[in-house]
Amino acid sequence: MSSTVTNDAPEQVVLTLDEVFTLSRNVLLRHGMSEAHADAIARVITQGQRDECHSHGIYRLLVCARSLKSGKVDARAEPTLCDIAPGVLAVDAHYGFSLLAFETGLPVLAQKARSQGIAAMAINHCFHFSALWPEVEAIAAQGLVGIAMNPSHSWVAPAGGTRGVFGTNPLAFAWPREGGLPFVFDFATSAIARGDIELHAREGKPIPPHWALDSDGQPTTDARAALDGAMQTFGGHKGSALAAMIELLAGALIGDLTSMESQAFDAGAGASPCHGELVIAIDPRRFGGDGYEAGQARAERLFAAITAQGARLPSQRRFEARGRSERDGVKVPRALYDDVLKLLD
Ligand code: NDP
Ligand code: PYC
């Protein structure tokens, strides 16, 4: 689609994907980012808006700008690679945002996964604001299984507790499918991403009571009270255990900060969380050997058994949104668009 900005309704603005990318890039450059960082971040923000992941689309420009103003982020940091073992690498983001570090390390991760069957990449010392599905999808696009996870700030109470310990700790997975879109899920281990509660607060909308506790430890439907209190894990003790696993694997294991330490490092500056990320790639051809095709067919039978009964695969909503956005452009709330434009002043 190639049209310019038009009014779809007074309260919404319609943008083409090119316009989202250019706007994002210009905002980031205006705030001192290097071209390499601005390009990497603008690409992912555009993908988020395209797939109607509103908490991780254009809204994130406000968060990036606030992080850059905090003075904590190195907006021009150049990631460096360290080869740790045949199946392990680390990328030091040097206190820049994570996305350029991911792009820098991905070709080496993929090469290691092909040669070893499985490989892991630690991204260290990165400011992190993005959804993880663009990363696991990029791994699946190379015919590899992808897994990614990271801590954030300690906004989430453990099941049975009332004070933040865990981050919203996303876990993402992608399974490549021959000739089709991959099977992908990507979810916060909190009941919902914090970005969604922030959007509810911006729009003055109530939240479901199972998302968060207020600062007295009581369930709340007030988004602002939730942001001042503690978020809840999804699935009670099960989400709580997964959140702890992510603190361990993408924090303690890779020599980087837990969500509590990220929060302390922030010291009230209001920047994006700063920590590490763990990314794993698996080569199904190496695992499957002569049985690779049979394994793919087995996976397809599993997916068919899900969809045959009317259930949907995760990411199906996103893929449908993607098609719509590529055709018709994306709708952005005017108040958000206006706030983003102010970042260009
Ligand atoms: P959602 O609860 O909206 O979605 C989680 C997953 O479940 C998606 O893959 C979604 O697919 C799938 N899903 C939802 N409903 C169904 C259904 N009925 N049947 C099958 N699958 C379904 O996401 P969250 O709020 O938990 O997270 C949103 C984003 O926030 C994630 O992309 C995550 O990476 C990001 N995030 C990033 C953090 C960071 O530190 N960088 C921290 C926390 C979150 P679909 O998209 O198609 O609906
Ligand atoms: O939405 O929870 C969230 C989040 C944290 C960091 C980036 N997004």
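Computed from a predicted model, the values in this text were never measured in an experiment. For ligands, and for the atoms within them, numbers begin at 1 and follow the listed sequence.
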Is Ile147 reachable from Leu181 through a run of I, L, V, M, F, W or Y residues, each pair having side-chain heavy atoms under 4.5 Å apart? no
Taking Gly239's backbone N and O only, do any of them form a donor-acceptor pair with Thr233's side chain (distance below 3.5 Å, no angle check)? no
Side chain or backbone of Trp133 under 4.0 Å from ligand 1, or both, or neither, by non-hydrogen atoms? side chain
The closest protein heavy-atom partner of atom 38 (C) of ligand 1 is Pro170 CG, 3.5 Å
Does ligand 2 come near enough to Gly195 that some N or O of the ligand is less than 3.5 Å from an N or O of the residue? yes
So is Arg194 polar-close to ligand 2, meaning N/O to N/O under 3.5 Å? yes
May I ask you to decide if the ring planes of Phe265 and Tyr95 are parallel, tilted or perpendicular, using 30° and 60° as cut-offs? parallel
For atom 13 (N) of ligand 1, which of His54, Arg312, Arg318, Glu320 has the closest heavy atom? Arg312
Atoms of ligand 1, numbered as shown, that sit under 4.0 Å from any heavy atom of Ser130: 37 (C), 39 (C), 41 (N)
Are Val20 and Leu28 grouped together when hydrophobic residues (ILVMFWY) are joined by side-chain heavy atoms under 4.5 angstrom apart? yes
Would you say atom 15 (N) of ligand 1 makes contact with the protein, given that contact here means a non-hydrogen protein atom less than 4.0 Å away? yes
Exercise check, heavy-atom protein proximity under 4.0 Å to atom 1 (P) of ligand 1: no
For Ser259 and Glu247, test the side chains for any donor-to-acceptor distance below 3.5 angstrom and give the result as yes or no. yes
Which heavy-atom pair separates Ile41 from Cys64 by the least distance, and what is that distance? CG2-SG, 4.3 Å
Proximal ligand 1 atoms for Leu132, defined as those under 4.0 Å from one of its heavy atoms: 34 (O)
Parallel, tilted or perpendicular: which describes the rings of Phe185 and Phe187, with under 30° parallel and over 60° perpendicular? parallel
Indicate the ring-plane relationship of Phe183 and Phe173, choosing parallel, tilted or perpendicular according to the 30° and 60° boundaries. perpendicular
Short N or O distance, His275 and ligand 1, threshold 3.5 Å exclusive: no
For atom 30 (O) of ligand 1, what's the nearest protein heavy atom and its distance? His56 CE1, 3.1 Å
Which heavy atom of Ala93 sits nearest to which heavy atom of Ala101, and what is that distance? CB-CB, 4.0 Å
Check each heavy atom of His56 against ligand 2 and say whether those closer than 4.0 Å belong to the side chain, the backbone, both or neither. side chain
Testing the basics here: between Asp283 and Arg114, what is the closest heavy-atom pair and its distance to 0.1 Å? OD2-CA, 3.6 Å
For Arg30 and Leu344, work out which heavy atoms get closest and say how close. NE-O, 3.3 Å
Go through ligand 1 atom by atom and flag the ones less than 4.0 Å from a non-hydrogen atom of Phe185. 9 (O)
If we only count N/O pairs under 3.5 Å, is Ser190 in contact with ligand 1? no
Counting non-hydrogen protein atoms only, what is the nearest one to atom 25 (O) of ligand 1? Give residue, atom name and distance. Ala193 N, 3.1 Å
For atom 46 (O) of ligand 1, the protein heavy atom that lies nearest, with its residue and separation: Arg317 NH2, 3.0 Å
Any N or O of Val184 that comes nearer than 3.5 Å to an N or O of ligand 1? no
I need the contact type for Arg60 against ligand 2. Using non-hydrogen atoms and a strict under-4.0 Å cut-off, is it side chain, backbone, both or neither? side chain
Give the atoms of ligand 1, by number and element, whose distance to some non-hydrogen atom of His128 is under 4.0 Å. 41 (N)
When you measure from the side chain of Asp266 to the backbone of Ala271, do you find a donor-acceptor pair of N or O atoms at a distance under 3.5 Å? yes
Less than 3.5 Å between some nitrogen or oxygen of Ser130 and one of ligand 2, yes or no? no
Quick note on ligand 1: atoms under 4.0 Å from a heavy atom of Gln316 include exactly 47 (O)
Are any of the N/O atoms on Ala188, whether in the backbone or the side chain, positioned under 3.5 angstrom from an N/O atom of ligand 1? yes
Near Phe129, which atoms of ligand 2 are under 4.0 Å from a heavy atom of that residue? 7 (C), 8 (N)
Using a strict cut-off of less than 4.0 Å between a Lys/Arg side-chain nitrogen and an Asp/Glu carboxylate oxygen, indicate whether Asp339 and Lys342 qualify as a salt bridge. yes
Any nitrogen or oxygen of His128, side chain or backbone, less than 3.5 Å from one on ligand 2? no
Looking at CG of Asp51 and OG1 of Thr46, how far apart are the two atoms once the value is rounded to the nearest 0.5 Å? 11.0 Å
So, regarding Asn169 and ligand 1 (criterion: nitrogen or oxygen to nitrogen or oxygen, under 3.5 Å), is there a contact or not? no
For atom 32 (O) of ligand 1, state which one of Asp51, Thr168, Asp186, Val156 supplies the nearest heavy atom. Asp186
A student checking ligand 1 against Asn150 at a 4.0 Å heavy-atom cut-off should list atoms 39 (C), 40 (O), 41 (N)
Shortest non-hydrogen contact from Pro170 toward Ile246: O-CD1, 3.8 Å
Before accepting this row, confirm whether a basic side-chain N of the pair Arg322/Glu137 lies closer than 4.0 Å to the acidic partner's carboxylate O. yes
Looking at Ser315, which atoms of ligand 1 are within less than 4.0 Å of one of its heavy atoms? 11 (O), 45 (P), 47 (O)
Polar side chain donor-acceptor pair, Gln316 to Glu320, under 3.5 angstrom: yes
What protein heavy atom is closest to atom 7 (O) of ligand 1, reported as residue, atom name and distance in Å? Pro314 CB, 4.6 Å
